[in-house]
Amino acid sequence: MRILVTGGAGFIGSNFIRHLLATESACHIVNLDKLTYAGNLENLTDVERDPRYRFVKGSICNVQLVDELLKEGFDALINFAAESHVDRSIQDARAFVETNVLGTQIILEACRRHQVPRMVQVSTDEVYGSLGSFGRFTEESSLRPNSPYAASKAAADLLVAAYFRTYGLPVIVTRSSNNYGPYQFPEKVIPLFITNALADEPLPLYGDGLHVRDWLHVQDHCAALALILKNGVSGEIYNIGGHCERANIDVARLILSTLGKPVTLITRVKDRLGHDRRYALDTSKLEQALGWQPRRAFETGLKETVGWYGGHVTWWTRIKAGQYREYYRQTYGDLSCVSP
Ligand code: NAD
Ligand code: DAU
């Protein structure tokens with residue numbers, strides 16, 4: 001099976017490539033990635049010499065490049081390429097519209113032209129918007145995105161649906177909850193808190209810290225995606241969630257206790273604008289149709305993840321010392337508390 005992976009040098013994409021190479025001996029993967037601040041070839045050093053893997057640097061917004069690549073002939077394309085951080089979308093949404101919306105349309109059009117038999121769009125639970133204390137989103141729930149990031153992902157989902165209905169393009173949308181695990185860029189809350197705690201620096205907790213996310217280990221996500229790529233039904237949407245809701249304050253406390261660091265490192269900072277209160281997914285469709293289940297308990301997965309960051313200090317210190325430093329300074333300032 002020849003697969004074009006777009007955005008494969010980021011967090012989930014690189015874990016997915018590693019998963020496929022480990023589980024599918026007959027697969028051949030081309031990874032097209034622009035290498036934005038979030039793309040990192042160090043995420044794939046262990047597979048870069050595998051003869052079944054090839055990296056191409058470029059953007060999904062480059063019509064000619066995408067067209068040339070698809071001429072090579074692929075059995076499937078899976079699109080991870082995106083601007084993925086909510087806070088950055090609040091600061092400046094333009095790149096989100098370019099890559100997440102226009103880039104997806106360029107991919108869809110190229111898949112149509114070259115009759116790619118399967119396209120999987122990796123989307124997010126954030127397209128459904130925010131929940132109160134009760135209930136879960138199903139695949140039938142309305143799209144009510146709140147952040148510019150979520151709106152751009154919802155727009156892409158609608159384009160995918162339009163290409164299915166209008167042209168019969170064999171496409172699938174997956175909507176996953178929050179991922180965590182190795183190689184996650186340290187702007188996202190779990191690696192940010194782990195790496196700050198390792199360095200005895202404050203953990204910036206937004207607002208009251210009671211916002212809830214449903215945590216899914218990235219390897220469970222990758223297993224679901226591989227299954228969907230193989231056996232999913234065209235035109236369908238699949239929710240992928242971890243059944244593991246945790247308030248941010250509890251995640252922060254668990255990281256600190258795992259590392260034996262004091263809770264006084266938790267520093268309450270100004271809340272995110274339009275901060276979604278809670279996400280939760282009903283995943284019964286995927287479980288019943290394809291027999292998938294998340295395997296890692298959060299406490300085990302988080303402990304392993306803390307261990308991974310502890311063992312890969314060079315990987316994250318290089319990132320934190322690079323261009324990310326300016327973003328961190330702009331976003332968190334001097335980390336002054338809003339309340340004790
Ligand atoms: P990430 O930011 O770690 O990686 C994104 C990758 O896309 C990077 O390698 C980057 O270089 C690449 N990229 C960006 N713009 C590109 C372009 N124009 N052309 C080619 N490559 C480009 O993101 P992630 O956390 O790995 O997320 C991957 C996908 O999964 C995204 O579509 C995201 O919306 C979705 N998702 C993420 C999560 C999560 O918790 N991280 C949850 C649900 C869904
Ligand atoms: O739900 C899936 C989504 O999960 C993906 O689509 C996104 O690509 C991914 O970034 C993630 O979005 P979130 O906004 O939920 O993740 P983030 O790690 O940015 O924040 C998780 C929670 O932690 C959220 O309630 C905000 C809070 N937070 C975050 C940061 C960065 C803090 O309290 N402090 C912080 O410094």
Side-chain angles (χ1 to χ4, degrees), residues 5-16 31-41 43-44 56-62 65-66 78-90 95-96 98-100 102-104 106-107 121-128 130 145-147 149-150 152-153 156-157 174-181 183-193 196 202-216 218 221 225 240-242 246-249 251-252 266-272 275-281 328 331-332 335:
V5 175
T6 51
F11 164 48
I12 306 175
S14 62
N15 276 286
F16 181 75
N31 173 16
L32 171 66
D33 197 296
K34 185 179 172 185
L35 298 184
T36 66
Y37 78 92
N40 186 352
L41 289 180
N43 297 357
L44 289 160
V56 176
K57 183 172 188 291
S59 172
I60 58 166
C61 297
N62 183 335
L65 174 64
V66 173
I78 178 160
N79 181 28
F80 295 92
E83 290 295 334
S84 68
H85 194 40
V86 172
D87 293 320
R88 288 183 192 256
S89 82
I90 293 167
F96 288 75
E98 280 171 4
T99 287
N100 301 3
L102 183 60
T104 302
I106 287 167
I107 284 175
Q121 170 71 1
V122 180
S123 186
T124 168
D125 60 358
E126 297 201 15
V127 298
Y128 298 121
S130 184
N146 291 317
S147 70
Y149 160 71
S152 70
K153 293 296 287 186
D157 286 12
T174 64
R175 293 185 180 143
S176 150
S177 63
N178 284 63
N179 283 216
Y180 70 101
Y183 299 103
Q184 187 166 30
F185 194 88
E187 66 190 349
K188 306 289 166 40
V189 77
I190 286 187
L192 175 68
F193 283 6
N196 279 17
L203 275 52
L205 186 69
Y206 293 163
D208 62 8
L210 297 178
H211 302 81
V212 170
R213 297 294 182 265
D214 170 13
W215 292 102
L216 174 68
V218 66
H221 187 192
L225 291 173
I240 311 173
R246 295 287 184 281
N248 296 334
I249 180 105
V251 173
I266 297 175
T267 304
R268 298 254 304 269
V269 298
K270 216 165 73 176
D271 207 353
R272 172 184 280 175
H275 196 172
D276 285 341
R277 194 65 174 168
R278 173 174 167 256
Y279 304 138
L281 288 177
Y328 191 84
T331 307
Y332 299 103
L335 276 188

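When a ligand or atom number is given, it counts from 1 through the structure's own listing order. Values below: every heavy atom of this structure, side chains too, minus hydrogens, waters and symmetry copies.
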- Query: Are Asp87 and Arg272 close enough, and set up right, to give a salt bridge (Lys or Arg N to Asp or Glu O under 4.0 Å), and what steps lead you there?
  - Reply: CA-CA 7 Å; Asp87 293 320; Arg272 172 184 280 175; 2.7 Å; yes

One should read off an interatomic distance between His275 NE2 and Tyr206 OH, to the nearest 0.5 angstrom, of 8.0 Å

For Asn40, the side chain to side chain donor-acceptor pair (under 3.5 Å) test, sequence neighbours excluded, returns none

ask   = Mind checking what makes side chain to side chain donor-acceptor pair (under 3.5 Å) contact with Ser123, not counting sequence neighbours?
value =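 Result, side chain to side chain donor-acceptor pair (under 3.5 Å) vs Ser123: Asp157.
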
Atom indices of ligand 2 within 4.0 angstrom of [X] heavy atoms, with elements:
X: Tyr149; value: 5 (C), 6 (O), 7 (C), 8 (O)
X: Val86; value: 14 (O)
X: Tyr279; value: 1 (O), 15 (O)
X: Glu187; value: 31 (C)
X: Asp125; value: 1 (O), 2 (C)
X: Thr124; value: 1 (O), 2 (C), 3 (C), 5 (C), 6 (O)

Trace of the side-chain contact (heavy atoms from CB on, under 4.5 Å) decision for Leu35 with Leu41: CA-CA 8 Å; Leu35 298 184; Leu41 289 180; 4.0 Å; yes

May I ask you to identify, for [X], whether its side chain, its backbone, both or neither come under 4.0 Å of ligand 2 on a heavy-atom basis?
X: Asn248; answer: side chain
X: Asp87; answer: side chain
X: Lys153; answer: neither
X: Asn179; answer: neither
X: Asn178; answer: both

So which heavy atom on Ser177 is nearest to which on Asp214, and how close?
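For Ser177 versus Asp214, the nearest heavy atoms are OG-O, 2.8 Å.
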
Nearest atoms (heavy-atom pairs only) where Val212 meets Ala247: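 Between these two residues, the closest heavy atoms are CG2-CA, 4.2 Å.
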
Which residues satisfy the salt bridge (charged side-chain N to carboxylate O under 4.0 Å, His left out) test with Arg213, sequence neighbours excluded?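 Result, salt bridge (charged side-chain N to carboxylate O under 4.0 Å, His left out) vs Arg213: none returned.
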
ask   = Going by distance alone, is a donor N or O of one side chain under 3.5 Å from an acceptor N or O of the other, for Thr99 and Lys34?
value = no

Nearest protein heavy atom with distance in Å, relative to [atom]:
atom: atom 34 (N) of ligand 2; result: Pro204 O, 2.7 Å
atom: atom 33 (O) of ligand 2; result: Tyr206 N, 2.8 Å
atom: atom 8 (O) of ligand 2; result: Ser84 O, 2.7 Å

Consider ligand 2: state whether an atom of it lies below 4.0 angstrom from any non-hydrogen atom of His275.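 His275: in contact with ligand 2 (<4.0 Å).
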
| task | Only heavy atoms count here, so choose which of Glu83, His211, Glu126, Lys188 is nearest to atom 13 (P) of ligand 2. | result |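 Nearest option to atom 13 (P) of ligand 2, by heavy atoms: Glu126.
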
### Task
Sort out the contact shell of ligand 1: every protein residue with a heavy-atom distance below 4.0 Å, listed by chain and number.
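Close residues (ligand 1, cut-off 4.0 Å): Gly7, Ala9, Gly10, Phe11, Ile12, Asp33, Lys34, Leu35, Thr36, Ala38, Gly39, Gly58, Ser59, Ile60, Phe80, Ala81, Ala82, Ser84, Thr99, Val122, Ser123, Thr124, Tyr149, Lys153, Ser176, Ser177, Asn178, Asn179.
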
Can you find a heavy atom in the side chain of Asn100 that is under 4.5 Å from one in the side chain of Glu83?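 They are in side-chain contact.
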
Leu44/Tyr183 under side-chain contact (heavy atoms from CB on, under 4.5 Å): CA gap, chis, key distance, verdict
CA-CA 10 Å; Leu44 289 160; Tyr183 299 103; over 6 Å; no

Determine, for Arg175 against Glu126, whether the closest basic-nitrogen to carboxylate-oxygen distance falls under 4.0 angstrom.
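No, this pair does not count.
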
